[in-house]
Amino acid sequence: MGGNDVSSDQVIKKLIEMGFEHSNAIEAVKAVGPSVDDAVEYVLNGCGRNPLSGTTSFQCSSRNVKNLGKRVMTSSQSNGEIRQSRIWEHFQPTSKPKRSRGNDVSDGVMSGSKVLPSPVEEHKEPNLLIDNQFENVAEPSQVCCSEELNIGTNWESKVNGLLRKHFGYSSLKSFQKEALAALLAHEDCLVLAATGSGKSLCFQIPALLTGKVVVVVSPLISLMHDQCLKLSEHGVSACFLGSGQPDSSVEQKAMRGMYSIIYVCPETILRLIKPLQRLAESRGITLFAIDEAHCISKWGHDFRPDYRRLSVLRENFSARNLKFLKYDIPIMALTATATVQVRQDILDSLCMSKETKIVVTSFFRPNLRFSVKHSRKSVSSYGTDFCQLIDVYARKKKVDGMKQPLVSHESHCPSDSDKFSGSGFNDIQNSDIEESDDESSEKENGSIPSRGRQMSVEYLENEVDVFQSAEDWDVAYGEFSGQVHCEEWNSHGSIEKIDPPNKPEERLRLLQEPLEQGPTIIYVPTRKETLSIAKYLCKFGVKAAAYNAALPKSHLRQVHKEFHEDSLQVVVATMAFGMGIDKLNVRRIIHYGWPQSLEAYYQEAGRAGRDGKLADCILYVNLSRMPTLLPSKRSEDQAKRAYKMLSDFFRYGMNTSCCRAKILVEYFGEDFGDKKCLLCDICVDGPPKMLDLKEEANILMQMIAARYAESGFMDYSYDDSLCSDTERRKFLVKPNLRVFVNKIREQSQKFITADLLWWKGLARIMEAKGYIREGDDKIHVQIKFPEPTKRGLEFLQSESDEGFHVYPEADMLYLMRKPRAYSSFSDWGKGWANPEIRRQRLDKIRSSNRKPRKPRIRKSRKHFSDTSTSRGRISAKISQKK
Ligand SMILES: Nc1ncnc2c1ncn2[C@@H]1O[C@H](COP(=O)(O)OP(=O)(O)OP(=O)(O)O)[C@@H](O)[C@H]1O
Ligand SMILES: [Mg+2]
């Protein structure tokens, strides 16, 4: 979309999907007419009253898209086709790269090998900006396929030579060595190593070492681009092939063996099986690497159906099917976030061999400082939440009279020591707390297909990025020659990289130091929030940009570029940003809202501190609200899994007593023992004071047990392990936790003011101790229909004087630190606890529902179709036909 052939409604709909405010969208269309590009430019570049005007962050505009488009058209119009722009056309090098000095790297390495790929002296493609600098590039005719990886026994020293020459590192890490050894023994390999640990080298080095091609399956164009660009700087030729319009020349060259490493998205590799078989026969393919392999698993957090079809690789590149192969071409799968279940799924789905070597390193990132803070997470809390960030990046500008800020943040600014248990709680307001059940929100957010819902403005405004295809940029392919550098290669310019602080005393020392400089990524759930927070930060002089999958792709590419060049201070993004991107100096990863799983969280948080220096991973959540699943198309099974993952994350957020790093790494199956990170908010502030909640636990247990005894189903000698599903189903109407809490309030004045939220916390603790369990077939984020267990009944019957000493969880603390003035709704609240009053009120509500309602008069919205104006903003339907 972008021409003038669309209606205003469609343009507005598109803008709202991108995350722009409804009013801005209308204003933009009014000003520039029904063109998406122009309207985006109008809003982003502040042609209207948008305060983003003048910030560097939004200068990539649709105008640029058009200009780029024109440039592209001239080079491709000759054959009458409009093709996608080449990556070179966007990332032109400032100077011509130097020609290789001396021998090709593989010359040296392959000296013991039968085959020596020789560099191509003159590359004859006319329309490449850099066209003759390929290293390690061989025409198929110049190489024959050697099935033996005749590297020799001293491969380690060869590898170290290559490492120094190309990457400037002195040696391989031990896990990289193990992975390489597996490859050289023709074994499949599953590499599980922390984010930023250096998994890429495991598949990049084999290309240099063997002189054959490595094919890497990767989930995103931006990631493929990032890696190709780095490889070219390291003197390794590479290209990427997305699933969009194929540029046959790059693809053909790749299939002729002209690049050492071919990055390809899963959709494309499925199409290229035959050409790849020919490549395996000519130049040779040494390895299929499946990067971000958790995308294969339905149990993982970022499932991509096309990844699942990659089993065809084993079948089509086996020695059984290809006679010229002596061994199956090995498969190497790599990920930083795979639970034990996901690992098995990866092995099975890729048909990896039974002898697959599994290389696991610690998932622990010793320089990351995790913390959880409370936030109401509304525009009005930006002032409190981002005050410190604004101080870091725009202290001076803040003082210079900025235009009227949305919120006067100074008055809200918490102290430096605002940690989870500190002043972050002080802004709690009664309106934060809801006694709502999560059922309705689960229904609404969990299982309704993203595209299936009626398109209301409200819905569009809350659009999220759940699933992405590989095409996150507007380029579908790119080629990168290798340029050889001086011996002492400084791989990251001026950014210093240090060994992470593995020893406890080193970590304790870190705490004394302030964070170094570097950018911040703020992850938010909805597209709208990417724009509203970026806009807020820009207002205070922070160089911030929004990033979500619906924004123009040229804008996204520009954001990546500026982020890598350090000209952006803050990127406010949905999960669409940053997978596998290797930027060393990211100082803070802020999650503003509940992530959907611990896997997603750890992967996103892992983008911080890759230089080994201290970095912050802060989670802001509204502790008074249960997290909900983001809308997406899910089968029943998938929804169950998604709830389980969300529920695991919820427990991480509510935890107040266990080192956060320990929870994270143990989630991935690593035993952390009694170690601690010493940096997280729990390690630094210590757990809260333990409370003896015996009386409360007892009364809740009594209520639950009584209900089950009442129904004749259960006596106190009941053994839950013997209870069948059919028997359980006898309880057609299961009482939920709210019912039990109401009963407690009815029976005991002492507990009348205790909040449901508090009881939910207690129920969670009792569930963790094995006293109660979920009685519903569905998985809930938080226990909803509690059922007693045998252990729970024993606890109830026990006559021991021993207390029930527990650490109150975050939601309980939240209420205890700033108790809700129960009186503010006490009459109303108490009334509900009284069955008679409750009955009267319900009667009243029912009768008022029967009365015909007066039609509500709403403001008209000129730019929606006529029908929408009468229905108002929330329900304004956007014609999908146009
Ligand atoms: N042997 C080594 N010595 C020193 N640094 C290394 C070594 N191997 C890799 N690195 C560096 O580690 C950093 C992270 O590498 P890489 O992008 O491969 O991480 P990753 O494990 O793939 O992370 P993610 O899970 O986020 O994709 C890079 O800057 C890389 O150059
Ligand atoms: Mg990686």
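Counting starts at 1 for both ligands and their atoms, in listed order. Numbering starts at 1 and runs along the sequence shown.
Between the Glu516 side chain and the Lys613 main chain, no donor and acceptor come within less than 3.5 Å of each other. Under the 3.5 Å distance criterion, the side-chain polar atoms of Lys199 are left unmatched by any main-chain donor or acceptor of Ala333. A donor-acceptor contact shorter than 3.5 Å links the side chain of Gln176 to the backbone of Gly198. Remark: side-chain polar atoms of Arg660 are paired, donor with acceptor, to backbone N or O of Tyr652 under 3.5 angstrom.
Taking the six-membered ring for Trp and the full ring otherwise, the centers of Tyr263 and His225 sit at least 6.0 Å from each other. Aromatic pair Phe577/Phe563: centroids less than 6.0 angstrom apart.
In terms of N/O distances under 3.5 Å, ligand 1 is not approached by Leu172. In terms of polar-atom proximity, Gly196 is counted as a contact of ligand 1, with an N or O under 3.5 Å from an N or O of the ligand.
Here is the list of ligand 1 atoms found below 4.0 Å of a heavy atom in Leu201: 7 (C), 8 (N), 9 (C). Each of the atoms 27 (O) of ligand 1 lies under 4.0 Å from some heavy atom of Glu292. The ligand atoms of ligand 1 that sit less than 4.0 angstrom from a heavy atom of Lys173 are 1 (N), 2 (C), 7 (C). Ligand 1 places these atoms under 4.0 Å from at least one heavy atom of Leu584: 29 (O). Listed by number with element, the atoms of ligand 1 under 4.0 angstrom from any heavy atom of Ser200 are 16 (P), 17 (O), 18 (O), 22 (O). Listed by number with element, the atoms of ligand 1 under 4.0 angstrom from any heavy atom of Ala194 are 21 (O).
Relative to atom 4 (C) of ligand 1, the option among Tyr169, Phe175, Phe167 with the closest non-hydrogen atom is Tyr169. Counting only non-hydrogen atoms, the option in His234, Arg610, Gln204, Gln227 that gets closest to atom 24 (P) of ligand 1 is Arg610.
For CZ of Arg308, the number of neighbouring non-hydrogen atoms (other residues, nucleotides, ligands) closer than 6.0 Å is greater than 12. Surrounding NZ of Lys173 are more than 12 heavy atoms belonging to other residues, nucleotides or ligands, all under 6.0 Å away. The environment of Glu506 atom CD is dense: over 12 non-hydrogen atoms of other residues, nucleotides or ligands sit within 6.0 angstrom.
The shortest side-chain heavy-atom distance between Phe363 and Leu192 falls under the 4.5 Å cut-off.
Residue contact annotation: Lys230 has no non-hydrogen atom under 4.0 Å from ligand 1. Under the 4.0 angstrom criterion for non-hydrogen atoms, Ser197 is in contact with ligand 1. Not a single heavy atom of Thr337 lies less than 4.0 angstrom from ligand 1.
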- prompt: ring pair (Phe, Tyr, Trp, His ring centres under 6.0 Å) between Tyr547 and His555: does it pass, once the steps are laid out?
  reply: CA-CA 8 Å; Tyr547 191 104; His555 169 82; 7.5 Å; no
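To the nearest 0.5 Å, atom CD1 of residue Ile296 and atom CG of residue Leu350 are 3.5 Å apart.
Residue contacts with ligand 1 for Met579 are absent, since no atom lies close enough (heavy atoms, distance under 4.0 Å). With a heavy-atom cut-off of 4.0 Å, Ser171 touches ligand 1 through its backbone alone. Residue contacts with ligand 1, taken as heavy atom pairs separated by less than 4.0 Å, do not involve Ile581 at all. Here Arg607 has no heavy atoms under 4.0 Å from ligand 1, in either its backbone or its side chain. The side chain of Ala336, and not its backbone, has at least one atom closer than 4.0 Å to an atom of ligand 1 (non-hydrogen atoms only; side chain from C-beta on). Counting heavy atoms closer than 4.0 Å to ligand 1, residue Lys497 contributes side-chain atoms (C-beta onward) but none from N, CA, C or O.
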